[in-house]
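To keep things clear, I will list the structure first and then write my remarks on it.
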Amino acid sequence: MLDLLSYGATGWGDELLQGAGMTLLVAVLAYLIGLGAGCLTAAAKLSGPLPLRWLAATYTTVVRGVPALLVIWLLFYGGSGLVGWMAGLFGYGGRVELSAFAVGVASVGLVSGAYAAEVIRGAVQAVPKGQLEAARALGMHRLLILRRILAPQALRYALPGLGNVWQMTLKDTTLVSVVSLAELMRQAYVASGTTRQPFLFYLVAALIYLVITTLSETGFRALSRRADRGVRRATA
Amino acid sequence: MDMILSSLPSLASGAWLTLQLVALSLALGLLLSVGVALARLSGSVLLRAPAVAFIFLFRSTPLLVQIFLIFYGAGQFVAVRDSFLWPVLREPYWCAIIALTLNNAAYTGEILRGGIQAVSFGQIEAARALGMHRLLLFRRIVLPQAFRQILPAYGNEMIQMVQATSLASTITLMELTGAARAVASRSFQPVEMFVIAGLFYLAMNFAIAQAVRWGEKRLAHAG
Amino acid sequence: MKSWIAALGLACVTLLGGCGKDDAAKQAAPAAADSVPNPLRVATEGAYPPYNMVDASGNLVGFEIDMMKDICRRMKVECQFVATAWDGMIPALQAGRFDVVVAGMSITEERLQAVDFSDGYTTTPAYLVSANSNPLQKEDYGVPKVDLSNMSPESQAALDKLRGLLKGKVMGVQTATIHANFAEKYLGDVVDLRRYDTQEQLALDMQSGRIEVGLADAVTWNAFLQRPEGRDYSFFGPGFDGGLFGRGQGVALVKGRTALKTALNSAIKEMKADGTMKTMSVQWFGFDTSMP
């Protein structure tokens with residue numbers, strides 16, 4: 001039975017590993033999009049003009065309120081039309097197509113961004129206002145305050161939450177398998193359909209996910225420790 | 001427009017199935033999570049180790065893999081098919097409930113553990129001094145306060161649960177997402193169907209959020 | 001305070017905004033409505049043996065893959081295969097994600113309202129399958145075949161008998177197929193219908209005993225029945241065709257692409273005439289399923 005997992009033409013080992021690579025690629029790209037969208041949305045929520053604030057609130061409420069699977073189906077069926085319409089606004093009249101990969105990255109990124117926005121907003125709000133006022137009183141430049149005062153502290157507060165968003169994003173990539181993107185879950189699905197060994201292949205897939213989530217959790221913990229350096233804690 | 005109207009009955013029946021899945025797996029998951037949290041906090045390694053492993057396994061792997069392992073994986077073995085479990089495991093409905101319940105219990109168990117740990121030890125000491133029995137103490141003092149503590153986090157978990165039920169559509173259940181897919185693929189007008197399904201989900205989440213807010217208020221009065 | 005946060009937002013944009021949708025949205029050349037595109041983007045499912053499936057090296061193989069490669073060779077274009085989920089194919093085709101669909105898709109009136117089809121290339125009736133030990137196997141249904149567009153009294157009697165016998169049984173079909181449509185319309189009120197994403201998952205659940213009866217294309221069933229796991233299962237009852245089962249399987253394309261349709265049809269015609277279609281059919285199906 002284990003030869004089914006071997007590397008090469010007869011085994012599924014190489015397909016599973018390629019799938020894991022695709023999973024990581026989708027997750028990382030989606031997470032980056034999510035961080036970007038999250039930053040923007042948080043900024044809009046905290047200090048944007050009313051229409052932008054309203055838009056940001058709608059985005060986070062709606063996307064966090066519907067299943068990621070539904071977002072993927074919606075973008076899979078309607079994404080091309082939407083992007084075509086937006087391209088039309090910028091004067092591009094041609095046909096725009098979205099591959100399963102683009103749909104996967106965009107929809108998981110969209111979901112990731114809604115959750116990241118809430119984490120980032122909370123972190124920014126957690127930085128004491130007095131510090132910003134003090135920095136301003138010292139005559140610090142805006143960008144300098146952002147770089148030296150706000151960003152490092154907000155990042156520290158946001159890291160645990162952003163770690164959770166990463167785990168969620170990674171798990172959400174499994175849902176992209178429904179649109180036949182050859183990521184890990186899809187490869188396990190195809191392999192189990194052909195070999196009729198679903199238990200084996202889903203178990204292997206589960207183990208690979210387990211390894212990825214555990215490793216990345218360790219990574220985020222290390223980041224947190226680094227961000228916490230210089231912060232004194234009360235010891236019990 | 002006609003098509004949207006004619007699709008409403010099947011979407012509504014999908015929404016009803018979604019509600020059943022949410023309610024049942026939340027109720028079962030909550031019961032199980034109390035056990036998980038207590039085992040996790042237990043002084044005995046024999047209880048703590050399985051609880052730690054359970055929480056770790058279910059929180060570190062995607063729900064879709066868990067559902068497929070239970071549905072397709074279990075069906076592969078003759079031993080399972082011949083066992084007393086098969087009448088339950090052969091039904092996609094119960095497979096979904098089992099996967100959702102276990103997943104929910106792992107997450108809620110961790111939330112509940114935090115809530116229990118937040119109950120101040122002074123209260124427990126006071127209750128003990130009053131001669132309260134362990135079970136009574138747990139039921140009357142610890143659990144109610146832990147629940148109040150975790151209510152906001154648990155509310156989020158409930159909303160996550162509503163969304164998680166959409167994965168049941170991958171194992172042939174015609175819940176809201178599944179129904180929307182079935183209608184969409186026949187009508188060739190998919191976007192409208194998924195938007196309507198999304199509105200159903202938003203309505204459910206709104207109801208849950210309101211219920212949690214109401215619960216928070218009530219518990220605050222009781223305190 | 002507010003302006004600082006806005007500045008943070010700005011920093012975020014410069015840091016992360018670069019990786020927006022640029023890489024996600026790939027622009028296709030505006031399609032000239034009336035030419036044969038090169039490369040031709042072909043969508044298939046990859047989970048419908050022996051029509052189309054994925055082997056252990058991850059390659060698409062099957063009757064339709066071979067056939068389509070041959071069609072492309074005859075049209076002097078390059079084939080670019082895309083594996084896509086079955087029930088999203090028609091909307092995705094309409095959205096322009098690919099040029100044609102080759103996925104054992106039957107030409108039906110319902111689908112013709114949304115897309116266009118080439119001439120049919122294969123035709124196979126739908127059959128019911130159950131375990132050999134099932135009493136349904138021993139029944140006599142009177143007729144070997146039920147043509148839905150031409151119902152004889154005997155055919156009607158067979159269908160009625162089937163309805164009676166299937167009452168309360170759990171039946172599996174692949175979602176959004178002609179078989180699902182048939183089951184919904186003719187048996188929906190008597191059976192407990194389960195819809196699977198792929199035929200392979202259906203067969204898997206048939207083996208596990210979760211479904212008692214399955215309905216699918218005869219050729220697809222053969223792929224399952226000829227495997228060691230499939231030896232405990234057999235066809236039963238009459239074969240079904242005509243009516244909502246449509247007019248054989250064809251290559252689906254967007255309406256109005258006349259040049260592409262003409263090129264496809266002449267390639268298919270050539271393949272039928274020089275025997276290529278028959279050879280491929282025998283190679284993959286074990287018998288000749290090609291259409292005149």
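Throughout, protein chains are lettered first and strands after them, A, B, ... in sequence-line order, and every chain is numbered starting at 1.
Under a cut-off of 6.0 angstrom, the local environment of CZ in R48(B) is crowded, with over 12 non-hydrogen atoms contributed by other residues, nucleotides or ligands. Residue F56(B) places its CZ atom among more than 12 non-hydrogen atoms of other residues, nucleotides or ligands, all under 6.0 Å distant.
Of all residues spanning residues 161-176 of chain A, those with a heavy atom less than 4.5 Å away from chain B's heavy atoms are K171(A), T174(A), L175(A), arranged by number.
In this structure, chain A has a heavy atom under 4.5 Å from the side chain of Q160(B), while its backbone stays farther away. Within the 4.5 angstrom heavy-atom criterion, no atom of F200(B) approaches chain A. Contact of I159(B) with chain A is made through the side chain alone, with heavy-atom distances under 4.5 Å. Within the 4.5 angstrom heavy-atom criterion, only side-chain atoms of S169(B), from C-beta onward, approach chain A. Contacts of V178(A) with chain B are made by side-chain atoms alone, with heavy-atom separations under 4.5 Å and no backbone atom involved. If you measure heavy-atom distances from F76(A) to chain B, you find no contacts under 4.5 Å at all.
Between T213(A) and T61(B) there is no side-chain heavy-atom pair separated by less than 4.5 Å. When side chains are defined from C-beta on, P67(A) counts as touching Y201(B), because their heavy atoms get closer than 4.5 Å. Put simply, the side chain of S166(B) does not reach to within 4.5 Å of the side chain of L70(A), judged on heavy atoms.
Of all non-hydrogen atoms in V66(A) and G198(B), the two that sit nearest each other are CG1-O, 3.6 Å. Closest approach of L74(A) to V191(B), counting heavy atoms only: CD1-O, 3.7 Å.
Expressed to the nearest 0.5 Å, how far CD1 of I72(A) lies from CZ of F194(B) amounts to 11.0 Å. Residue T170(B) holds its OG1 atom at 7.5 Å from CE of M185(A), rounded to the nearest 0.5 Å.
Aromatic pair Y72(B)/Y189(A): centroids not less than 6.0 angstrom apart.
Between chain A and the residues L176(B), L63(B), T177(B), V162(B), the most heavy-atom pairs under 4.5 angstrom are made by T177(B).
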Could you go through R196(A) and Q76(B), starting from their C-alpha distance and side-chain angles, then the distance that decides it, and tell me whether this counts as side-chain contact (heavy atoms from CB on, under 4.5 Å)? CA-CA 8 Å; R196(A) 297 177 199 270; Q76(B) 181 188 334; over 6 Å; no
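Counting only residues at least two apart or on different chains, no ring-ring contact (aromatic ring centres under 6.0 Å, His included) pair has a member in residues 158-187 of chain B.
Of the residues L69(B), L64(B), I70(B), I67(B), the one that meets the side-chain contact (heavy atoms from CB on, under 4.5 Å) test with Y202(A) is L69(B).
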